*Asks:* 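First the structure, which I've put down as structure tokens, then a few questions once you've had a look.
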Amino acid sequence: MTAAVKRQAPLKIDPATDELISQAAHFLGMTKKDFVSEAVRAYLEQRREEVRKGMIESMKVLDGSLTSSVAALTGLSPQKIEELGGVGDWEN
């Protein structure tokens, strides 16, 4: 069995941010790709607790039901979804 090959995804950023990345990468002697990768890892490390809390809140919402999935995707409460007619179940 072979591992799935992940393809690179383009990152769309505004020109001013691209210029900052270009300059920082140049002066640090690294590629833009490596700079962005390192910067994202550092940013997520700094905000680890916020990410963890967000994940926990998402897991509280998702209970395996179709209603909870629709609530997570739409931002509507399960009660509001029921008021609007509900969503049925996974089999229908």
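Keep in mind the model is a prediction, meaning the values are calculated, not measured.
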*Asks:* To the nearest 0.5 angstrom, please state how far the NZ atom of K33 sits from the CG atom of L11.
*Replies:* 12.5 Å
*Asks:* Taking side chain as C-beta onward, heavy atoms only, is T67 less than 4.5 Å from E82?
*Replies:* yes
*Asks:* Could you check V36, L20, I21 and say which one makes a side-chain contact (heavy atoms from CB on, under 4.5 Å) with I13?
*Replies:* I21
*Asks:* Count the heavy atoms belonging to other residues, nucleotides or ligands that lie under 6.0 Å from CD of E38, then report whether that count exceeds 12.
*Replies:* no
*Asks:* If every non-hydrogen atom of V87 is compared with every non-hydrogen atom of L66, which pair is closest and at what distance?
*Replies:*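 Minimum heavy-atom separation between V87 and L66: O-CD2, 3.5 Å.
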*Asks:* List the residues meeting side-chain hydrogen bond (donor to acceptor under 3.5 Å, both in side chains) with Q8, not counting sequence neighbours, and say none if there are none.
*Replies:* none
*Asks:* For S37, is there any backbone N or O sitting under 3.5 Å from a side-chain donor or acceptor partner on R41?
*Replies:* yes
*Asks:* One pair to check against side-chain contact (heavy atoms from CB on, under 4.5 Å): V70 and L76. What are the steps and the verdict?
*Replies:* CA-CA 8 Å; V70 171; L76 297 173; 5.8 Å; no
*Asks:* Specify the closest pair of heavy atoms between S65 and S68, including all atoms of both residues, with the distance to one decimal.
*Replies:* O-OG, 2.9 Å
*Asks:* Stepwise, does the salt bridge (charged side-chain N to carboxylate O under 4.0 Å, His left out) test hold for R47 with E50?
*Replies:* CA-CA 5 Å; R47 300 192 69 180; E50 289 174 72; 2.6 Å; yes
*Asks:* Between D18 and K32, is any pair of side-chain heavy atoms under 4.5 Å apart?
*Replies:* yes
*Asks:* Looking at R48, M55, K53, which hits side-chain contact (heavy atoms from CB on, under 4.5 Å) with V51?
*Replies:*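 When R48, M55, K53 are each tested with V51, the side-chain contact (heavy atoms from CB on, under 4.5 Å) holds only for M55.
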*Asks:* Begin from the C-alpha positions of Q23 and E19 and carry the test side-chain hydrogen bond (donor to acceptor under 3.5 Å, both in side chains) through to its verdict.
*Replies:* CA-CA 6 Å; Q23 289 177 6; E19 183 63 24; 2.8 Å; yes
*Asks:* From H26 NE2 over to F35 CZ, what is the distance, rounded to the nearest 0.5 angstrom?
*Replies:*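 The CZ atom of F35 is 13.5 Å from NE2 of H26, to the nearest 0.5 Å.
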